[in-house]
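Following: one structure in C-alpha cells, then a few remarks.
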Amino acid sequence: MNQPNQQTNQLHPKLLAIGELFNDEARYTVPIYQRNYAWQAEQIEQMIGDIQDAMRDQKESYFLGNFIVTRRQSRDGAAVATADYEVIDGQQRLTTLYLLLSFLRNTSHLGWLQYESRPRATAALERIARETFHSATTSAPEQHSEDAGITQGYNTIKQYLKQHIKSVAAKTEFREFLLRKVTVVRVTLPAKTDFNRYFEIMNTRGQQLQQVDIVKARLMKYLDNEAERACFAWIWNACAEMDSYVQMTLTPKDTEMRTKVFGDNWSFVVVGSFDDLLAMHKPTAFTHSIAGGSGALGLAEAINEYSRMGVVENQENEENARFQSIITFPAFVLHVLKIVRKDHATEDEGQLDDKALVKRFTEFLNDADPDKQREKAKRFAFALLRCRNLVDSYIIKRQYTGANRDEGDWSLQLLFKRGKAIGYKNTYSREYQETEDGCIDEATRELLMLESMLRVTYTSPRTMHWITRMLRVLVEKQQGESILDEFILISELRDYAREKVKAAFFDVEEQPQGFGIERIVFTYLDYLIWKEKLRPESKSKANFTFTFRNSIEHFYPQNPNEEQRGKARVSQKNLHLLGNLALASVGANSKFSNNLPSVKAKEYKETIIQQSCKLTRMANITRKNEYNWGDQEVLNHHTKMVNLLKDDLGINNL
C-alpha cells in the first residue's frame, strides 16, 4: 500500500507578480457556487487608483492581497495535468485584473479565466480577449448574449484608463508596473479540503486589526485616566457607526442624556468640549476593567480592552437602519483630522487616503510635551462628535424606504425630537414635522442635488474633498440648535464645482475632447440644465436624479450602424466635441450601442431622461429637427453648452 503524500495536506502559498499570475502555465476557473462578477465602478476605480498611487510613490512593490485556489480534479479524482485552478476566494479581484490586462496587454490570453457552467460570462471574457488582440480580424459575438456585469466592468476600466492614462508612454509605464511590481499571494488549498468548513472559518474568524484601530489606541494612550479613556471610547464607538445617526448610537434609550448633549430638539451638539462630555458621562464596565488604574494604556492593552466592548447596541428605533452613509469611518476620521489641523487648502489625495491614516496621526501627535498630546486627543474626540453630528445633518445619505428599499434614494434629513420619540425631517424644512417619503422642500433639494452631483463625480473616498469644505464652513458657522443658512452651503459647493470645471475645461492649453473631458464638466452641466428647468418661465419638468455614470456616451456613435445611415452625419472633426457627448451609465451606454441619434431619441426616451439632462436636451433637439443630428447640431449644442459654463463661471465670451 502506498504511503500518502504528506504534501497534499499542506497549504502552498506563492508570491507572484501579476505577470506571473496570468500566463501560459496557469488557468483559472470560477466554480458555479461562486456569485457572478459584481464589482461596480467604485471598487474597480479604487483598485486601479491604489495601483497608480503606488507607482507614483515609486514603491518597489505593491501587495494586492491573497487569492485562495485549489487544483482542479479530473472525474476519476486525479489532479488535472495542466495548472488548472479553481478559484475559492478572490474572484472579484481576479476577474478585474483579467479585464485590466485585457485592455493593457498586446498579447492574447484567451482562456486563462473562465466561469464554470456560465456560458454568458465566459463568452464576455472571450470576446474581450479577442477584441484587444484580434479586433481587426475576428468577429465577436453579440454583446446582448453576454454577462452584463463583466461587460460593464470592462467598459468601466476602458473609460477610466482613457481618462486618466492618456499617453502611450503612460499606458506602457502603468502596464509594466502592474505586471512586474504588483504582487499577490496565491494560496493553494489541499485537494480534499472541505470547502463548507473553509468558508465557515473564513466567515467567523476575527477581523484583522485596521489602521483606524491603531489610531484609536494611540489617542487613548495619551489620556490621563480611566474616566477619560472611557469617555473617549464612548464617543469613538458611537461615531464609528456611520449608518446610524450619532444621537442614537451615543445615547441609546437615554433621552435625558440625549437632551444634555444634543439640546431640547435632539438635533445638534450643544455641549462645548470634551470635558463637558466627561463630566456627564456615566461610568461603564470599561472604566473598571483597567487593572489597578495604573495610568496610560499601552497600545496592545488599549486594543484588547476596547475590543471587548463591542458595538453599541441600538434597538430603540429599527427604522434608523434605513440610512447609509456615503463615506466610511476611516475616511470620515481623515476629514475630521483635516478640520482639526486647519488643513483646508491642500487637496492632495494622500490627505484622504486611509492607507496612510496612521502616518497622518503620527504627524498630528508629534509633540514632546505629554500635556499637549493629551489635549490633542481630547480636542480630536470632541471634533469627531461634532463633525459626525454635522455630517448626519448636512451631508447626503442613501435612504432605503418604500419603493426605494432595494436601490435607495438620496436623503438630506435632520433628526429631531418628536414627542418622546425621534423623527426625521428635511434639513431645511421650516417645520419640525416628519418628512414624507419623496417630499423634499426647495431649499433642501437644491443642496441635495449639488451634493449628489459631487458624490457621483468623485467616487473615490480620496477625492471627496468637498466634504472637508462643507465641514469647515459648518464648524465655523453652525452654532447651537440653529440651522445654518442653506445659501452659504449652496454657494460653497457651487464655488467648489466651478473651480474644478474651470481647471478641467478652460485653464488648459487646448480645450479637451472625448475621454479627455473630466466627469465634473458633464455633471455640472447637468446641474445647470436642471436649474434652468426650475425657472418659472420653463415648461419642462425638473424631475432628474443624479446616479452613478462613468461612461462617456457619443450621441452620434464612433462606429455608427450602417443600416441606420441617414442624411445627417457627424464628421471625425466634431465627433469628440462636448456638443456630441454626455455621461451615461455603462449599462445604458451598452444599450445604446452603435445606434444613431434618431433611433436613440425614438426608442430610449425614458432611459435618456434617467441618464442625463444634457443627453435629454440633445435627444429633444433631434426630435424637433425631424430626427436629424449632424455636424451643425453638434456645433450649435457645443457652443451653447460652452457658453452656459462660461456665463456661470463669469468667463467673458471671446
Side-chain angles (χ1 to χ4, degrees), residues 216 219 223 227-228 230-282 312 314 316-317 320 323 325 327 329 332-342 375-397 412-418 421-429 432 467-486 488-489:
K216 178 183 178 182
L219 288 167
L223 299 175
E228 287 185 353
C231 185
F232 183 99
W234 172 49
I235 296 168
W236 184 282
N237 290 344
C239 291
E241 295 297 300
M242 293 298 293
D243 293 338
S244 296
Y245 279 69
V246 73
Q247 294 95 319
M248 306 297 293
T249 54
L250 190 76
T251 58
K253 296 185 179 181
D254 191 341
T255 56
E256 181 181 350
M257 177 71 82
R258 190 172 299 156
T259 301
K260 289 180 180 178
V261 178
F262 298 101
D264 293 335
N265 289 327
W266 295 353
S267 294
F268 295 108
V269 172
V270 294
V271 295
S273 69
F274 178 87
D275 288 337
D276 290 341
L277 290 164
L278 180 65
M280 63 179 67
H281 181 230
K282 299 174 183 178
V312 177
N314 176 24
E316 182 177 16
N317 191 333
N320 200 37
F323 299 103
S325 174
I327 56 173
F329 183 60
F332 169 67
V333 167
L334 285 168
H335 285 288
V336 178
L337 182 61
K338 288 189 71 178
I339 296 299
V340 172
R341 299 186 72 177
K342 301 186 184 304
E375 286 306 312
K376 284 182 178 181
K378 291 166 62 176
R379 182 157 51 96
F380 184 83
F382 181 70
L384 192 74
L385 176 61
R386 186 157 181 232
C387 287
R388 178 57 209 281
N389 180 213
L390 294 170
V391 163
D392 283 345
S393 304
Y394 291 102
I395 304 295
I396 55 170
K397 298 178 183 287
L412 189 58
Q413 297 189 46
L414 191 72
L415 183 148
F416 71 100
K417 182 179 180 181
R418 186 184 59 183
I422 65 166
Y424 302 98
K425 75 180 191 72
N426 293 326
T427 296
Y428 285 104
S429 174
Y432 271 89
I467 294 178
T468 310
R469 291 270 289 255
M470 286 276 284
L471 281 174
R472 174 179 57 80
V473 174
L474 288 164
V475 166
E476 290 176 356
K477 298 185 180 297
Q478 174 72 62
Q479 300 295 331
E481 296 188 74
S482 63
I483 297 176
L484 184 66
D485 189 333
E486 72 270 19
I488 294 175
L489 297 179

I would like to know whether Val269 and Phe262 meet side chain to side chain contact (heavy atoms under 4.5 Å, CB included); could you show each step before the answer?
CA-CA 4 Å; Val269 172; Phe262 298 101; 3.6 Å; yes
Do [X] and [Y] have side chains that approach each other closer than 4.5 Å (heavy atoms only, starting at C-beta)?
X      : Y      : answer
Ile483 : Phe268 : yes
Glu228 : Leu278 : yes
Arg258 : Met248 : yes
Leu385 : Phe274 : no
Asn389 : Gln247 : yes
Lys417 : Asp264 : no
Trp266 : Thr251 : no
Ile327 : Ile395 : no

Q: Could you walk me through whether Asn426 and Leu412 pass side chain to side chain contact (heavy atoms under 4.5 Å, CB included), step by step?
A: CA-CA 6 Å; Asn426 293 326; Leu412 189 58; over 6 Å; no
Straight-line distance of [X] [atom1] to [Y] [atom2], nearest 0.5 Å:
X      : Y      : atom1 : atom2 : answer
Leu250 : Ser244 : CG    : OG    : 12.5 Å
Thr427 : Leu484 : OG1   : CG    : 11.0 Å
His335 : Arg469 : NE2   : CZ    : 13.0 Å
Leu223 : Glu375 : CG    : CD    : 9.5 Å
Ile339 : Glu476 : CD1   : CD    : 8.0 Å

Parallel, tilted or perpendicular: rings of Phe323 and Tyr245 (30°, 60°):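 Perpendicular, since the angle between the ring planes exceeds 60°.
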Angle between ring planes, Phe332 versus Phe329, binned at 30° and 60°: parallel, tilted or perpendicular?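 Ring orientation of Phe332 relative to Phe329: tilted.
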Testing the basics here: between [X] and [Y], what is the closest heavy-atom pair and its distance to 0.1 Å?
X      : Y      : value
Leu219 : Phe380 : CD1-CD2, 3.9 Å
Phe382 : Val271 : CZ-O, 3.3 Å
Arg386 : Val475 : NH1-O, 3.3 Å
Lys260 : Val270 : O-CG2, 3.4 Å
His281 : Met257 : CA-CE, 4.3 Å
Cys387 : Leu471 : O-CD2, 3.9 Å

- Can a salt bridge be assigned to the pair Asp392 and Lys397 using a cut-off of 4.0 Å between side-chain N and carboxylate O?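 Lys397 and Asp392: salt-bridged.
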Between [X] (side chain) and [Y] (backbone), is there a donor-acceptor pair under 3.5 Å?
X      : Y      : answer
Tyr394 : Leu489 : no
Gln478 : Leu390 : no
Ser267 : Leu415 : yes

Intermediate values then yes/no, side chain to side chain contact (heavy atoms under 4.5 Å, CB included), Thr249 and Asn237
CA-CA 8 Å; Thr249 54; Asn237 290 344; over 6 Å; no
Sole candidate of Ser393, Cys239, Ser325 that passes side chain to side chain contact (heavy atoms under 4.5 Å, CB included) when paired with Arg388: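 It is Cys239, the one option of Ser393, Cys239, Ser325 that forms the side chain to side chain contact (heavy atoms under 4.5 Å, CB included) with Arg388.
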